[in-house]
Amino acid sequence: MKATQSFLILTLSVFLFSMQSQGQEKENNIQPNIIVFYADDLGWQDTQLNNLDEPSPWETPNISKLAEDGLNFTNGYSPAPTCAPSRCAILSGLHPAKTGITHVSGGGIPSARYSNYMAPYFPIGLMPENFTIAEALKMNGYTTGHVGKWHAGGLQIQSPENQGFDFVHESRGAHQGPKKPDNRLTKFATYAKSDRYRLSDEKYPPFTKASPNGISYPKDEVTENALKFISKSKNKPFYLYLAHWMVHSPIHTKNKELLQYYCDKLGVDFPTKDVPVTTGGQTNPFYGSMVTTLDWSLGRVVDLLKKTDDPRNPGKKLYETTYIIFSSDNGAVERVGKEIVTDNFPLDEGKKYAQEGGIRVPMVIEGPNIPKGKTHDGLINQLDFYPTILSLTNSKIPTEYSSDLDGLDISGVLLNNEKTVKNKEGKTRADLWWHFPHNQNHQMQSAIRAGDYKLYKNHVEGNYELYRLYKDGKRADLEEKHDIALEAPKVTKDLSSKLEKHLKDYDAKFPYKSPLKTKDASEKEHVAAVPVVTGDTFDTKTRTLAVTLANGKSNIIESYALIKIGDPATFDKQGNKRKLGKHGATYIKVPVDSSKNQLEYTLTVPEDALECGVVLIDENRFMVKSKFHKIN
């Protein structure tokens, strides 16, 4: 999308592309079905897959059974340590640094919220020019469905319907938290027919003394709509992106019997007051209930596949013709407010950190011709899902999109028992890397994992840290306690050079200094030299935004404008224009014209813009912002 393209043109392009895609659909009755079952905030140590040291108390029999039928990836990673960038990455196949979507809640004006440094501008989600895996498969004859959490953009042009999905249901289901004055101890599900979350008549694990045949589970709209999509789509190859809201906060359960089960298992009293759980480790019965409910949802999907005939493949069940990819968008969050949620130990840190606890996730892939009950210890990133799905489904897409994908096809590992992942040139994967320039100073990091080693670049301090997670493949410093950057200068130099090249090649954006928050005495001279805006106007007739700087200040090394766009206007019965909703508008980044002396910056603002301003970065990495003019 060009910067000055109008909102109308964007919307029209989506419509035309959709029509084109439908025209290119083809029938291929041997194509397998694809289900991506994507959990939210499920940690690497929160299932029974990768138990290290103390076994996880959370029971996940369906996840374990899936691993028994397929491959468990012990070194599986998410593209980012937070939700939105990981989701956008697996949908687009593009690294977060390439799309710029490196954190949640993007599309705003940069500010120093958690630090004296400002995170760079980043988009709120995918735009129509991003070619999603749903669009790719739809072009190849697939019916596509999205159920659950989207978090890849809130504008209408960013909705799943406009990103290639035929069927969409975004309800939170049983994850919906209680609203005050109710709390997590006053709104358990019941058997009442009027209860939106009515307990099931069917019984499921766990089995207890009180319920030897199993317990009931609350109705979950996410699960039910996933089952609905599968049942209605089975006559054609289908792709289901089942993106659960669980086990993200709020940390609660509507299943009283399951909560009681975990209280008994953990040896704690059933709570009588809704107060934070503050015991350490994996001792939160609410969270355990959520993990097992997520596992129950997976079990429901697998059960339907196992009992349903595949009409395209007589004599086979859908389970025999479907690839299931199970993983999580990032590592577990260890705390929410005062409440201790879980513990990623021995992995360091958790969600919002580039450390292992923030990006290492459970990952299982099961399906036709995949060996049963095996593990793979090689480095795998969820960016690999896109090209692998194209390979498994024999799908073809335009070269302009396929050549831009950042993951690798791992079908050789899945189907041919290959020990390493190789690129198109036959070279073995050398490393994986991450970029997270957000939150507090110590969290603003980039990282690279290669073999036994993991290296970090601290963007505020400017130094590197090096840890040896394994020694010759065996566990060494998985806890990342011993920084050996000075002890192993050759490894540090090698990995830092590779990381810096990745960051440069992807034009990664870094944190900036705030003139108002910088207190370091050594920066006094630089603060005094920060550019000063002397002219800042918007001409309504020519729609020209013009910003002028004072002479004699530090040089500008980067400049751009932020234009606020929104969904088309709607009106009430009286003809009054309704205000845009919370997610109905966003800022997009566009280039500006600059004079030769870099003192004047101009932009012709599109007709449909709501607001516009200019952002400037000086040679000392201080960010300066012009006035943001409200236009419409």
Side-chain angles (χ1 to χ4, degrees), residues 32 34-39 44 49-50 66-67 70-81 85-99 101 130-137 239 241 243 323-331 356 359-371 374-397 401-435 447-451 502 506:
I34 304 290
I35 296 177
V36 175
F37 193 105
Y38 210 43
W44 191 69
L49 293 176
N50 304 304
L66 193 73
L71 267 175
N72 176 30
F73 294 89
T74 60
N75 281 278
Y77 287 92
S78 62
S86 289
R87 291 165 192 272
C88 291
I90 69 165
L91 286 165
S92 69
L94 305 180
H95 196 287
K98 181 178 286 185
T99 61
I101 306 166
N130 297 120
F131 188 67
T132 68
I133 184 64
E135 290 171 310
L137 292 176
Y239 164 66
Y241 173 48
Y323 288 100
I324 302 176
I325 300 173
F326 173 87
S327 198
S328 175
D329 60 353
N330 47 251
E356 291 292 283
I359 56 174
R360 196 159 173 172
V361 291
M363 186 183 294
V364 173
I365 302 180
E366 182 278 337
N369 301 315
I370 293 179
K374 302 293 184 179
T375 60
H376 181 79
D377 299 325
L379 301 182
I380 304 294
N381 192 296
Q382 291 167 1
L383 285 165
D384 301 333
F385 292 173
Y386 196 130
T388 302
I389 289 171
L390 293 182
S391 178
L392 292 174
T393 60
N394 195 30
S395 293
K396 307 299 181 184
I397 62 175
Y401 299 119
S402 61
S403 62
D404 201 32
L405 297 176
D406 289 312
L408 299 180
D409 176 8
I410 65 168
S411 59
V413 171
L414 295 175
L415 306 178
N416 302 326
N417 200 32
E418 294 178 6
K419 301 302 180 184
T420 59
V421 178
K422 297 180 180 180
N423 62 18
K424 293 179 181 178
E425 289 73 42
K427 294 182 179 179
T428 299
R429 165 171 277 159
D431 56 64
L432 296 176
W433 67 284
W434 299 265
H435 182 58
I448 185 169
R449 167 90 195 270
H502 287 316
Y506 281 69

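All of these numbers come straight from a predicted model, not from anything done at the bench. One is the number of the first residue; the rest follow in order along the sequence.
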Backbone of [Y] reached by a side-chain donor or acceptor of [X] within 3.5 Å:
X      : Y      : answer
Lys374 : Asn417 : no
His502 : His435 : no
Trp434 : Arg449 : no
Tyr323 : Pro368 : yes
Arg360 : Thr74  : yes
Thr375 : Asn72  : no
Asn75  : Gly378 : no

For the residue pair [X] and [Y], what are the closest heavy atoms and their distance?
X      : Y      : value
Pro79  : Asn381 : CG-OD1, 3.7 Å
Asp329 : Tyr38  : CA-OH, 3.3 Å
Asn330 : Ala80  : CB-O, 3.7 Å
Leu137 : Ser395 : CD2-OG, 3.5 Å
Ser92  : Leu405 : O-CD2, 3.7 Å
Leu49  : Pro362 : CD1-CB, 4.0 Å

For [X] and [Y], which I'm curious about, is there any donor-acceptor pair between the side chains at under 3.5 Å?
X      : Y      : result
Tyr401 : Glu135 : no
Asp409 : Ser391 : yes
Gln382 : Ser86  : no

Could you measure the distance from the [atom1] atom of [X] to the [atom2] atom of [Y]? Nearest 0.5 Å is fine.
X      : Y      : atom1 : atom2 : result
Leu392 : Ile365 : CG    : CD1   : 8.0 Å
Tyr506 : Leu94  : OH    : CG    : 8.5 Å
Ile370 : Leu414 : CD1   : CG    : 4.5 Å
Ile410 : Leu71  : CD1   : CG    : 8.5 Å
Asp406 : Asp384 : CG    : CG    : 10.0 Å

Inset, instruction - Please say whether more than 12 non-hydrogen atoms of neighbouring residues, nucleotides or ligands are located less than 6.0 Å from CG in Asp404. - result: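 It does: Asp404 CG has more than 12 such atoms within range.
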Inset, instruction - Return yes when atom NZ of Lys422 has more than 12 non-hydrogen atoms of other residues, nucleotides or ligands closer than 6.0 Å, and no otherwise. - result: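 12 or below, so no.
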Legend entry - Phe73: partners by ring-ring contact (aromatic ring centres under 6.0 Å, His included), with sequence neighbours left out: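 If we apply the ring-ring contact (aromatic ring centres under 6.0 Å, His included) test to Phe73, skipping adjacent residues, the hits are His376.
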Legend entry - For Asn423, all residues meeting side-chain hydrogen bond (donor to acceptor under 3.5 Å, both in side chains), sequence neighbours excluded: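 Residues passing side-chain hydrogen bond (donor to acceptor under 3.5 Å, both in side chains) with Asn423: none at all.
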Inset, instruction - Sequence neighbours left out, what passes side-chain hydrogen bond (donor to acceptor under 3.5 Å, both in side chains) with Ser402? Give chain and number order. - result: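 If we apply the side-chain hydrogen bond (donor to acceptor under 3.5 Å, both in side chains) test to Ser402, skipping adjacent residues, there are no hits.
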Taking the side chain as everything from C-beta on, heavy atoms only, tell me whether [X] gets closer than 4.5 Å to [Y].
X      : Y      : answer
Ile325 : Thr388 : no
Thr393 : Pro32  : yes
Phe326 : Glu366 : no

Inset, instruction - Assess whether side-chain contact (heavy atoms from CB on, under 4.5 Å) is satisfied between Ile359 and Leu432, documenting all intermediate values. - result: CA-CA 11 Å; Ile359 56 174; Leu432 296 176; over 6 Å; no
Inset, instruction - Using the side-chain contact (heavy atoms from CB on, under 4.5 Å) rule, take Ile389 and Val36 through it: C-alpha gap first, then chi angles, then the decisive distance, then the call. - result: CA-CA 10 Å; Ile389 289 171; Val36 175; 4.3 Å; yes
Inset, instruction - Applying side-chain contact (heavy atoms from CB on, under 4.5 Å), run through Trp44 and Glu356 and close with a yes or a no. - result: CA-CA 9 Å; Trp44 191 69; Glu356 291 292 283; over 6 Å; no
Legend entry - Parallel, tilted or perpendicular: rings of Tyr241 and Tyr239 (30°, 60°):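 Parallel: the ring planes of Tyr239 and Tyr241 meet at under 30°.
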Inset, instruction - Apply side-chain contact (heavy atoms from CB on, under 4.5 Å) to Phe385 and Ile133, showing your working. - result: CA-CA 9 Å; Phe385 292 173; Ile133 184 64; over 6 Å; no
